[in-house]
There are 2 protein chains.
Amino acid sequence: MKIYTRLSLIPILLFFAFLYGCSDNQNNPGNTSAEWALALHGGAGTISPNMPDSLREQYYEGLRLALRVGEIVLREGGSALDAVELVVKNLEDNPLFNAGRGAVFTIDGKHELDAAIMDGSTLAAGALTGLTTVKNPVSLARIVMEESPHIFFSGQGAEEFAGQTGVERVPNHYFHTDIRHRQWQRTQTDDATLLPEDWLEGDKYGTVGAVALDTNGNLAAATSTGGMTNKQFGRVGDVPIIGSGTFANHIAAISATGWGEQIMRNVSASTIANYMEFRNASLDEAMNFVLTERLNPGDAGFVAVDRSGNISMQMNTLGMYRGSINSRGERVVMIWENE
Amino acid sequence: MKIYTRLSLIPILLFFAFLYGCSDNQNNPGNTSAEWALALHGGAGTISPNMPDSLREQYYEGLRLALRVGEIVLREGGSALDAVELVVKNLEDNPLFNAGRGAVFTIDGKHELDAAIMDGSTLAAGALTGLTTVKNPVSLARIVMEESPHIFFSGQGAEEFAGQTGVERVPNHYFHTDIRHRQWQRTQTDDATLLPEDWLEGDKYGTVGAVALDTNGNLAAATSTGGMTNKQFGRVGDVPIIGSGTFANHIAAISATGWGEQIMRNVSASTIANYMEFRNASLDEAMNFVLTERLNPGDAGFVAVDRSGNISMQMNTLGMYRGSINSRGERVVMIWENE
């Protein structure tokens, strides 16, 4: 009788296990510990779900490629810092995303790039704003972090610093892409015709970023952007602001995307880490707190990883280009809330 | 008998009340609620207690004058925002402090100024880095906050923004003072002769800042600096970084001074506010946490006020020029730990 009772529990337990499996939040695939983990984003905003399939597939492919770059580093025991630098560099080189090549145009019809990188194990950081000739801003940010007593350089000073390093330089028009140029031109008119670049509307807030935990238990974050379309000369957004768009410590690594001013005034990235630490909350809970209690709907999205390898990717915008992978082989690439 | 027992408690209670009064930390005079409160600083660092009396008196006088400016605003029911702007403007105009006139020299022998202001009631903020011709950077920060959709402008873009406003401009040499010039010149040599400017050594990290609570319950913070002596062109410190050198929300208003890079990588100002909110800690406890658990000895100092009018002014440096006043008439002006 007793054995019968116990056996009868098995299908019931299996049923609950099945339910538990189904409730696994696809946005946050790494909710038990992993040896290494990586998450990345390619910007958040009002990305239309009516995007043509061919373009959607290009985005997925870009996200998958960047994930693969980080995976190779982390799987081989490489550092979180190397992983996030190389992933962001890959996304900077992809003209689909608003960072590096493919950056949006400023009000003056030029390109100004911002980037930051941070090592959670030492709190070392490097950041730049207003770059105009550095091919990969994230790599210069890493050089600032490792070779300068300072953290943050702006404008001409940042370019001058670049000149003292071996970092690759390009003419400003290297960042030009036709689609971004048309997008910028149309901000100057009232033309309402639907053009291919309208599918990139979300990229008004475009940014790329990556966060990682490596097998040594170190966390790192990096973010890079071409800023807002038509932005005013010299405007600094959240990306190079340590604590706002980019942050990593011993608790978590976070990269933000969205309306830079909102992210800055709420010091969003480090508030996620502080909430976890001071409230003893999970990464999901902390990110949810900032997205719902601090920010407004439509403001922003974040990707983050904590020291246990938990991944969280959440936004209060319609979409966010994002992806993650961990040592357990869990791989996700998504744009909208439910896919 | 019962009455006798109760009466006998009175001297005991009085004794404890006396002890409580004695334990009142002189650094933090406002530890019960006040209708309005103001705290300010003029920089922190290794300020020698052997400073000549005449110079010491000049500093005290400068701090008292600035307190008086804020007191007039707040006593009349003016806003915290007006108070911190006018106090910082007053300190910028005082050549004793490293902000506005009296700013230190960059490596190129010029002056580059940073400032920020933040309204805790709305989280509106304005910040600037790399200004070269704006007489009062804090006032331009307020214009950015009130008139621009952006928060933060850098370098040439910041100067261009200034040109679109009615803000007072000056030639760069307006910021020149002989004492700072000699100080800068001596960074280029190994000359170890003791000169008057050596009493200003602490101003390597010199900054001015103010925080206030007004009678409407609103908090505000503002900070301004000439940066580090001999700093590299385009280096951005903590002062204009919302969340690091300057922060205000509905919980507290904080202004930092010290080693900018350390303040930035620890996102110090907003971590104080977050610790208060998430740990339900007092302002003193939160500031102490950041100074002892996050920063290293010699790194920094903060002045802050919370929504109950509590004031905290603490540093882990040898000295910090600081002062505070509140609606209960408590007035403090100090440089070292125990005076």
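These numbers come from the heavy atoms of this one structure, side chains and all, not from hydrogens, waters or symmetry mates. Quick caveat: nothing in here was measured; it's all calculated off a predicted structure. Within every chain, numbering begins at 1; the chains are lettered A, B, ... in the order of the sequence lines, protein sequences first and strands thereafter.
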Please rank A:Ser148, A:Gly155, A:Gly234, A:Gly157 by heavy-atom pairs under 4.5 Å with chain B and give me the top one. A:Gly234
Using salt bridge (Lys or Arg N to Asp or Glu O under 4.0 Å) as the criterion, list what pairs up with A:Glu285, not counting sequence neighbours. none
Atom group of A:Val267 that falls short of 4.5 Å from chain B, counting heavy atoms: side chain
Taking the basic N atoms (NZ, or NE/NH1/NH2) and the acidic carboxylate oxygens, is any pair closer than 4.0 Å for A:Arg279 and A:Glu293? no
Is any NZ, NE, NH1 or NH2 atom of the basic residue among B:Arg265 and B:Glu261 found under 4.0 Å from an Asp or Glu carboxylate oxygen of the other? no
Side chain, backbone, both or neither: which part of B:Gln262 has a heavy atom under 4.5 Å from chain A? neither
Residue selection (most heavy-atom pairs with chain B, distance under 4.5 Å) from A:Asn266, A:Val144, A:Ile151: A:Ile151
Assign the ring pair B:Tyr275 / B:Phe289 to parallel, tilted or perpendicular, where the plane angle (0 to 90°) is split at 30° and 60°. parallel
Does any heavy atom of chain B fall under 4.5 Å from the side chain of A:Ser154, the backbone, both, or neither of them? both
For A:Gln156, is it the side chain, the backbone, both or neither that has a heavy atom under 4.5 Å from a heavy atom of chain B? both
Could you tell me whether B:Glu159 and B:Arg169 have a side-chain N and a carboxylate O separated by less than 4.0 Å? yes
Toward chain B, the part of A:Glu112 with a non-hydrogen atom under 4.5 Å: neither
Side chain, backbone, both or neither: which part of B:Thr271 has an atom under 4.5 Å from a heavy atom of chain A? both
Return yes if some donor-acceptor pair links the side-chain N/O of B:Asn136 with the main-chain N/O of B:Ser139 below 3.5 Å, else return no. no
